[in-house]
Amino acid sequence: MSYRITGNTGEWEIVVGLEVHAQVVSKAKLFSGASAEYGGEPNTHVSTIDAGFPGMLPVLNQECVAQAVRTGLGLNAQINLFSRFDRKNYFYADLPTGYQISQFAHPIVGTGKVIVDLADGSTREIGVTRLHLEQDAGKSIHDQDPTRSFIDLNRAGVCLMEIVSEPDIRSPEEAGAYVRKLRQILRYLGTCDGNMEEGSMRADVNVSVRKPGEDGFRTRCEIKNVNSIRYVMQCIEVEAQRQVQIWEEGGEVDQETRLFDHVRSETRSLRSKEDAHDYRYFPDPDLLPLIIEQSWVDELKAALPELPEDKRDRLEREYGVTRYESGVLVAEQAIADFYETVAKGADARLATNWMLGDFFAALNRTGRSIEDSPVSASSLRELLALISDSTINGKIAKEVLEDMVETGDSAAAIVERKGLRQVTDTGAIETAIREILANNADKVSEFKSGKDKLFGFFVGQTMKAMKGKGNPALVNEMLKKLLAE
Ligand code: ADP
Ligand code: MG
């Protein structure tokens, strides 16, 4: 089902392209040796290059280039062996040089694609137009003093990758799924931490609308610096509604840069959109063109970690998990690693069910993430081993897991402490059953005259009498035998 907005004149389709700015994981900045670490006392991670001192020369950080190449490879994209740095000229108080060094005409990465997963289980391919390297600007701080603004240059010169998508996105859901997938891939690659609250990933959201079936695109507006997936989705909805109304009233949408106010749920004009020629781009005379070797690209490729799509396929193959389950398990690398520690050499079906069921529930309950799980992967595996070798049954295992979460004790220790070992002694089971049958003679005769459903009642009574510790298979088998007598 395609996503549509209904206006007075009928249905409208939305068209969205995203420019995602992702902060590169690196020790130093793109062209200086200053620390690229987030935070820090204001203006402590600043070199003379970042501060735009006259005569300072930028020196390209090779690790930043490697990160861009890795990311390009992870997006199945063309890696350009020739690329170039340009100056994008504009004045802003937090940009001391008066220009940003970026890649305009020759980006390091060309076209690629991202496959996004939608809620109904379908997938869509979103084209990537390009990825280029650029410097981040500093930060203006307006809320610390009533009359003055401050500048913090710690972020100035930090390396960003700008990842531009084709206008292939057709719904807020697809936009959300695209950013989520992109973030997942970058995190797996270790090229960006994807932390949107700290601003290490933010999106410029380009939105236009058109009538379904219409050729070409109408004028777009660009909503700047949207810093959460939820806001990306919301601003598209709000902005598309605004544009539909303008077109329907006989107006024209102006190409503008806007900002999203999530409190008032509206977008507001920031400035009319500048065109590329307004920036007077030209090749940065302080930097040579960037030429990389195919053999280096091949080396980086060979060293890439397993990416989410491949991991998904492998988990399905090796552990027999379903498509849905593999999606949940690879959402974060730490979850997939945890799962594999639990499932390796164990009953994989049991491991999957427990991981996605009781274990995740326990995590949720305690508000912990997988990284600080109260139960380690090997402890969970020990618990499951106790089920597999019939030491305890599944129901008791749930109780043991709760105890593990609370006390941090091992499964085996809890089973011993609480005397939860499963009763597999057929003599003990028979004694319990005979007593139940004797006390429920009326139900026994009802059962015998055809009321099969009562079997569950007898199982329940027996388990209760045995404090839940009866081996379920044996209890069933024994009950059948004794009821047939
Ligand atoms: P600029 O730097 O001027 O914003 P870019 O070419 O870098 O231009 O980025 C344009 C972005 O806008 C891309 O993500 C592209 O997919 C998207 N886009 C282009 N035209 C439209 C349109 N008519 N409707 C929606 N998105 C569009
Ligand atoms: Mg833009």
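Note that ligands are numbered from 1 as they come in the structure, with each ligand's atoms numbered from 1 the same way. Quick note: residue numbers are just sequence positions, from 1.
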With a cut-off of 4.0 Å, which atoms of ligand 1 are near a heavy atom of [X]?
{"X": "Gly17", "answer": "14 (O), 16 (O), 17 (C), 26 (N)"}
{"X": "Glu166", "answer": "16 (O)"}
{"X": "Ser165", "answer": "13 (C), 14 (O), 15 (C), 16 (O)"}
{"X": "Phe217", "answer": "23 (N)"}
{"X": "Val15", "answer": "24 (N), 25 (C)"}

Report task. Tell me which part of Val164 gets within contact of ligand 1: side chain, backbone, both or neither, using heavy atoms under 4.0 Å. Result ->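 It is the side chain that gets close, since no backbone atom is under 4.0 Å.
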Query - Per-residue contact class, Leu18 against ligand 1 - non-hydrogen pairs under 4.0 Å - result: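 Contact part for Leu18 vs ligand 1: backbone (N, CA, C, O).
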We want to know whether [X] and [Y] form a side-chain donor-acceptor pair, criterion being a heavy-atom distance below 3.5 angstrom.
{"X": "Glu237", "Y": "Gln241", "value": "no"}
{"X": "Glu248", "Y": "Trp12", "value": "yes"}
{"X": "Arg220", "Y": "Ser208", "value": "no"}
{"X": "Asp50", "Y": "Ser47", "value": "yes"}

Query raised in the report: Does an N or O anywhere in Thr219 fall below 3.5 Å from an N or O of ligand 1?
Result: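 Between Thr219 and ligand 1 (N or O atoms, distance only) the closest approach is not under 3.5 Å.
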Query raised in the report: Hey, does Val207 come in under 3.5 Å of ligand 1, counting only N/O atoms on both sides?
Result: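 No - when backbone and side-chain N and O of Val207 are compared with those of ligand 1, no distance drops under 3.5 Å.
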Query raised in the report: Do Pro42 and Phe150 have side chains that get closer than 4.5 Å, going by heavy atoms?
Result: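 SC-SC contact between Pro42 and Phe150 ruled out.
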Query raised in the report: Which of these, Gln243, Gln255, Arg220, Glu222, has its nearest heavy atom closest to atom 8 (O) of ligand 1?
Result: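 Going through Gln243, Gln255, Arg220, Glu222 one by one, Arg220 has the nearest heavy atom to atom 8 (O) of ligand 1.
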Query raised in the report: Among the heavy atoms of Arg218, does any lie under 4.0 Å from an atom of ligand 1?
Result: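 Yes; Arg218 lies near enough to ligand 1 that a heavy-atom distance drops under 4.0 Å.
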Requested in this report: Taking the six-membered ring for Trp and the single ring otherwise, decide whether the centroids of Tyr319 and Tyr339 are under 6.0 Å apart.
Outcome: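 That pair passes the under 6.0 Å test.
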Query raised in the report: Just wondering, more than 12 heavy atoms not from Phe360 lying within 6.0 Å of its CZ?
Result: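 Atom CZ in Phe360 is packed in, count exceeds 12.
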Requested in this report: In sequence, state the C-alpha distance, the side-chain angles, and the governing distance for Asp313 and Arg323, and then conclude on salt bridge (charged side-chain N to carboxylate O under 4.0 Å, His left out).
Outcome: CA-CA 8 Å; Asp313 291 342; Arg323 191 77 194 143; 3.5 Å; yes
